Amino acid sequence: MESRRFIRLAALALAAFGFARAADAGATDRPLAVIELFTSQGCNSCPPADKLFGQFAARDDIVALAYHVNYWDYLGWQDKLANPENTERQYAYMRAFGTPSVYTPQAVINGRTHLGAGKKPDVALTLDQLAETGQGMNIDLHVSENSDTYMIDVGAAKAPTSSAHVIVVHYQPPQVVDLKKGENKGLSVTYWNAVSDFHTAGMWHGKEQRYELPKSEVEKKGGCAVLLQAVGKDGLPGPILGAAIVRRPVNSLEVKG
């Protein structure tokens with residue numbers, strides 16, 4: 001119980017700090033990277049990756065999003081954080097990367113590459129390689145707000161570029177889940193930034209452009225991030241060119257079974 005209390009207090013402090021940063025109209029630093037974790041409560045390889053992901057989710061320079069998938073539910077435990085749209089996004093990446101199958105835990109970084117998500121040195125090396133080769137966040141996204149809306153100002157590209165989608169991603173506050181069945185039976189796992197839904201809010205054509213999000217819709221769903229992601233003519237996801245946290249959830253950890 002003491003460890004859970006410590007985690008709960010730490011999560012509250014990190015979330016509050018992150019919200020202050022995201023709502024600061026002067027915050028224009030580009031994040032180092034976007035890490036999208038595809039995970040499942042029913043996969044016995046995932047708990048170490050979920051734990052590692054928590055370290056990246058706590059960082060202010062990384063947009064970390066966890067997509068829980070549902071194809072391991074047949075093993076005996078239904079992942080209540082999973083939804084079909086998350087699974088569809090992973091399959092879209094599979095087709096984009098030309099890989100023969102999906103797997104968990106998988107980390108997709110900047111929409112450009114993927115790897116097994118369980119080892120910190122592997123993820124860190126990939127982050128460094130993408131940054132060194134100019135495959136990081138190359139377009140500015142600036143978040144500001146007024147009483148009714150969040151404004152997302154997307155900067156202009158320095159060179160001719162293809163269009164991209166402005167994707168709004170909603171995610172849940174951190175929570176502890178007691179796994180009572182399946183391959184991870186008996187474990188209590190903390191899940192960070194579990195994606196609940198996402199949608200395309202508009203198109204970007206390489207020039208400065210503003211997008212507005214209703215504050216009431218954003219704040220009732222927990223956390224919110226925006227991704228500027230290229231999409232191929234086949235509709236498959238491509239490189240993520242820019243990203244920002246719009247709002248971090250500010251409530252403490254919930255314990256769920």
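Note that the coordinates shown come from a computational prediction; the quantities given were computed from them, not determined experimentally.
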(message) Any carboxylate oxygen within less than 4.0 angstrom of a Lys/Arg side-chain nitrogen, looking at Arg247 and Glu145?
(response) no
(message) Are there over 12 heavy-atom neighbours, none belonging to Glu85, within less than 6.0 Å of that residue's CD?
(response) yes
(request) Check whether any side-chain N or O of Asp122 sits under 3.5 Å from a backbone N or O of Gly116 as a donor-acceptor pair, and report yes or no. (result) no
(request) Taking the side chain as every heavy atom from C-beta outward, state whether Leu141 and Leu228 have any atom pair closer than 4.5 Å. (result) yes
(message) Main chain of Gly134, side chain of Asn138: is a donor-acceptor contact present, judged purely on distance under 3.5 Å?
(response) yes
(request) Mind checking the NE2-CD1 spacing from His165 to Ile167? Nearest 0.5 Å is all I need. (result) 7.0 Å
(message) Do Gln41 and Tyr191 pair up side chain to side chain, a donor and an acceptor below 3.5 Å, judged on atom types alone?
(response) no
(message) Angle between ring planes, Phe38 versus Tyr67, binned at 30° and 60°: parallel, tilted or perpendicular?
(response) parallel
(request) Tell me whether Ile139 is reachable from Leu213 by hopping between hydrophobic residues (I, L, V, M, F, W, Y) whose side-chain heavy atoms are closer than 4.5 Å. (result) yes
(request) Give, for atom CD of Glu219 and atom CD of Glu217, the distance between the pair rounded to the nearest 0.5 Å. (result) 11.0 Å
(message) Quick test of your reading: applying salt bridge (charged side-chain N to carboxylate O under 4.0 Å, His left out), list the pairs with at least one residue in residues 149-165, sequence neighbours left out, ordered by first then second residue.
(response) Asp153-Arg210
(request) Give a yes or no on whether the backbone of Gly242 and the side-chain of Arg30 come within a donor-acceptor separation of less than 3.5 Å. (result) no
(request) Indicate yes or no for a side-chain donor-acceptor contact from Thr87 to the backbone of Asn70 under 3.5 Å, with no hydrogens or angles considered. (result) yes
(request) Apply side chain to side chain contact (heavy atoms under 4.5 Å, CB included) to the pair Leu75 and Lys181, showing each step before the final yes or no. (result) CA-CA 9 Å; Leu75 294 176; Lys181 296 180 181 179; over 6 Å; no
(message) Checking side-chain polar atoms at under 3.5 Å, does Tyr93 have a donor or acceptor matched by the opposite partner on Glu36?
(response) yes
(message) On a heavy-atom basis, which atom in Thr104 and which in Ser45 lie closest, and how many Å separate them?
(response) O-CB, 4.4 Å
(message) Taking Ala64's backbone N and O only, do any of them form a donor-acceptor pair with Asn193's side chain (distance below 3.5 Å, no angle check)?
(response) yes
(message) Pairing donors with acceptors under 3.5 angstrom, does anything connect the side chains of Gln209 and Trp204?
(response) no
(request) Would you check if the side chain of Asp50 reaches a backbone N or O of Thr190 as a donor-acceptor pair within less than 3.5 Å? (result) no
(request) Among Ile240, Val34, Val123, find the residue that satisfies the side chain to side chain contact (heavy atoms under 4.5 Å, CB included) test when tested with Ile109. (result) Val123
